[in-house]
2 protein chains.
Amino acid sequence: MLSNTCKTAIKAVIYLASKDESDEKSGVKEIARYINASEHTVSKILQTLARQKIINSIKGPTGGFYITTKQRKQPIITIVDTIDGKDLFDECGLGLSKCSSSHPCPIHDEYKKGREVIQKLFRTKTINVLCEPVESGLAYLIG
Amino acid sequence: MLSNTCKTAIKAVIYLASKDESDEKSGVKEIARYINASEHTVSKILQTLARQKIINSIKGPTGGFYITTKQRKQPIITIVDTIDGKDLFDECGLGLSKCSSSHPCPIHDEYKKGREVIQKLFRTKTINVLCEPVESGLAYLIG
DNA sequence: AGAATAAAAGTACTTAATTACTTTTAATAG
DNA sequence: CTATTAAAAGTAATTAAGTACTTTTATTCT
C-alpha cells in the first residue's frame with residue numbers, strides 16, 4: 001500500500017512526535033539509528049517534510065528536526081500525500097483504466113469500501129494518535 | 001496495492017476467460033494488443049501463470065494460452081499470490097516491524113478492517129466474476 | 001521427414017525507486 | 001570573527017521493476 005520511503009517517513013515523524021517538549025530537536029543520526037534506517041534516506045525524507053511544513057528544521061549546532069504541538073494535530077495523510085503522492089487511493093483496484101463509478105468493474109464497489117476504510121483512517125487519525133502508546137515506550141513499535 | 005505487472009496479469013486472464021469456449025486458445029499478440037500491453041511482458045506473465053497451472057498453454061501452430069471452466073472458478077487471489085507474493089495482505093499498514101495483534105499499533109485494528117475487506121474480495125471473487133459484464137463486451141474495461 | 005508456427009526460456013536493456021556521497025549554507029559557541 | 005556543527009541541496013551509485021530481444025523446443029501441417 002504505502003511505499004517503503006513513506007513508511008520510513010511515518011516512523012521518523014512518530015519518533016519526533018514522541019518527544020515531550022514541542023521544541024525538542026533531534027538530529028538525523030539519532031533518528032536514523034532509532035528507527036533503523038539509513039541516515040541519508042532519513043535526511044532526504046525529513047527535508048521534504050520540512051519543506052512542506054509538516055515538520056520543522058533548524059540548522060547549525062543545537063539544530064535538528066522537531067514538530068510543534070499544532071503540527072502534531074495534522075492527519076497522517078499529509079505525510080502520505082507528500083511522499084507517495086495524492087492519488088494513492090483513487091485508482092481502480094485492478095488497474096482497469098476505464099473502470100469508474102458509472103461503469104464499475106465487478107469488484108469496484110467492494111474494493112472501494114475497503115479502500116475507503118483505510119483512506120478515512122489516514123484522513124482522521126492524527127500524528128498524535130500514533131504516539132499514544134508512548135507511556136510504554138515506542139521501542140516495541142519502531143525500534 | 002497491486003503491482004503493475006499483477007494488474008496486467010489480471011487483465012490478460014480476464015481476456016482469456018472472456019472466451020466462450022473453454023479450450024479456445026489466444027496468442028500473445030492478440031492478448032497484448034487487446035489489453036494494450038507489451039507482448040514481451042504479457043508472455044512472461046502468462047508463462048508464469050501457466051507454470052502455476054492457473055492457466056494453460058500449448059505450443060506450436062494453433063497453440064496459445066487458454067483457461068478451462070474449472071480454472072475460471074479459481075479466486076483472483078491465486079493470480080495475486082503468484083505475481084506479487086503471498087504476504088501482500090499481512091503487513092502492518094505503517095510498516096512497523098513489531099506491530100502485531102498482541103502488540104497493535106494505534107491504527108492496527110482499523111487498518112486491518114479495511115485490508116480484510118479487500119483481501120476477502122480477492123479470496124472470494126473468482127475469475128469468472130470478473131467477466132460477468134461480458135454481454136456488453138469487455139472493451140470498456142480492459143480495452 | 002521438413003517447414004512453419006507459437007510458446008518457453010534465458011539474456012540483456014531501460015526506467016524508476018532507493019540509498020549513498022559531496023558540497024554548500026546557516027547557526028552557534030568560543 | 002573563526003571554527004564547528006548540523007541541515008540543505010545537489011549529484012552519483014545501487015537495486016529492483018519492468019520491458020525488449022534471442023534462442024530453443026514442441027507441435028502441426030504439408
Side-chain angles (χ1 to χ4, degrees), chain A residues 1-13 15-16 19 23-67 79-80 82-85 87-88 95, chain B residues 1-13 15-16 19 23-67 79-80 82-85 87-88 95:
Chain A
M1 184 100 254
L2 304 182
S3 71
N4 291 327
T5 307
C6 188
K7 289 175 180 174
T8 303
I10 291 174
K11 286 184 205 175
V13 173
Y15 181 79
L16 288 181
K19 298 287 168 181
D23 59 349
E24 183 175 351
K25 296 181 270 306
S26 312
V28 169
K29 258 182 221 146
E30 170 193 348
I31 301 168
R33 196 185 320 119
Y34 198 86
I35 69 175
N36 194 31
S38 141
E39 257 181 62
H40 302 101
T41 304
V42 171
S43 74
K44 265 284 156 62
I45 294 171
L46 293 184
Q47 281 165 32
T48 305
L49 295 178
R51 231 177 286 125
Q52 300 296 319
K53 308 288 183 200
I54 293 167
I55 60 172
N56 309 99
S57 67
I58 302 265
K59 288 183 183 179
T62 77
F65 294 93
Y66 66 99
I67 182 165
I79 302 172
V80 177
T82 301
I83 305 293
D84 279 349
D87 47 356
L88 189 63
Chain B
M1 184 101 258
L2 303 182
S3 71
N4 290 328
T5 307
C6 189
K7 288 175 179 172
T8 303
I10 291 174
K11 285 184 205 172
V13 172
Y15 180 80
L16 288 181
K19 299 288 168 179
D23 58 349
E24 184 174 350
K25 296 182 269 306
S26 312
V28 168
K29 257 182 223 148
E30 170 192 348
I31 302 168
R33 196 185 321 118
Y34 198 85
I35 68 176
N36 195 29
S38 140
E39 258 181 62
H40 301 101
T41 304
V42 171
S43 75
K44 266 281 156 64
I45 293 170
L46 293 184
Q47 279 165 31
T48 305
L49 295 178
R51 231 176 287 123
Q52 300 296 319
K53 308 287 181 200
I54 293 166
I55 61 172
N56 309 99
S57 68
I58 303 265
K59 289 183 181 178
T62 78
F65 295 94
Y66 66 101
I67 182 166
I79 301 171
V80 178
T82 300
I83 306 292
D84 279 348
D87 45 359
L88 190 63

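Numbers restart at 1 for each chain; the letters A, B, ... are given by sequence-line order, proteins then strands.
Note: A:Ile83 CD1 to A:Lys7 NZ = 14.0 Å, rounded to the nearest 0.5 Å. Separating the OG1 atom in A:Thr8 from the NZ atom in A:Lys44 is a distance of 14.0 Å, to the nearest 0.5 Å. Residue B:Leu16 holds its CG atom at 11.0 Å from OH of B:Tyr66, rounded to the nearest 0.5 Å.
Between B:Asn36 atom CG and D:dG18 atom C1' there is a gap of 16 Å when expressed in whole angstrom units. Taking atom CZ on B:Phe65 and atom P on D:dA26, their separation rounds to 16 Å, with Å as the unit. Going from atom CG of A:Leu46 over to atom C1' of D:dA6 covers 13 Å, rounded to whole Å. Atom pair A:Ile45:CD1 and D:dA8:P shows a separation of 13 Å (rounding to whole Å applied). Rounded to whole angstrom, the span from the NE2 atom of A:His40 across to the P atom of D:dT14 amounts to 14 Å. Between B:Lys53 atom NZ and C:dA8 atom P there is a gap of 10 Å when expressed in whole angstrom units. Taking atom CD of residue B:Glu39 and atom P of nucleotide D:dA20, one finds them 10 Å apart after rounding to whole Å. Straight-line distance from the NZ atom of A:Lys25 to the P atom of C:dA27: 12 Å, rounded to whole Å.
Considering only side-chain N and O atoms, B:Ser57 lies nowhere under 4.0 angstrom from the phosphate OP1 or OP2 of C:dA7. Contact check, B:Thr41 against D:dT19: a side-chain N or O comes under 4.0 Å of OP1 or OP2. Between D:dT5 and A:Thr62, no contact under 4.0 Å exists linking OP1 or OP2 to a side-chain N or O. Taking only side-chain nitrogens and oxygens, B:Ser38 comes nearer than 4.0 Å to OP1 or OP2 of D:dA20.
When heavy atoms are screened at a 4.0 angstrom cut-off, A:Ile58 is found touching the sugar-phosphate backbone but no base atom.
Side chain of B:Arg51, nearest nucleotide from C:dT28, C:dA9, D:dA8: C:dA9. Checked against C:dA9, D:dA9, D:dT5, the side chain of A:Gln47 finds its nearest nucleotide in D:dA9. If you check C:dA26, C:dT18, D:dA20 against the side chain of A:Thr5, the one that comes closest is C:dT18. Closest to the side chain of B:Lys59, from the set C:dT28, D:dA26, D:dA8, is D:dA26.
Each of A:Asp84 and B:Gly27 lies near DNA chain C, and the nucleotide nearest B:Gly27 is the one positioned closer to the 5' end.
Across all non-hydrogen atoms, the minimal contact from B:Glu30 to B:Tyr15 is OE2-OH, 2.5 Å. Residues B:Ser57 and B:Ala50 come closest through the heavy atom pair OG-CB, 4.1 Å.
For C:dT11, the base has a donor-acceptor partner in the side chain of B:Lys44 [N/O atoms by modelled type, under 3.5 angstrom].
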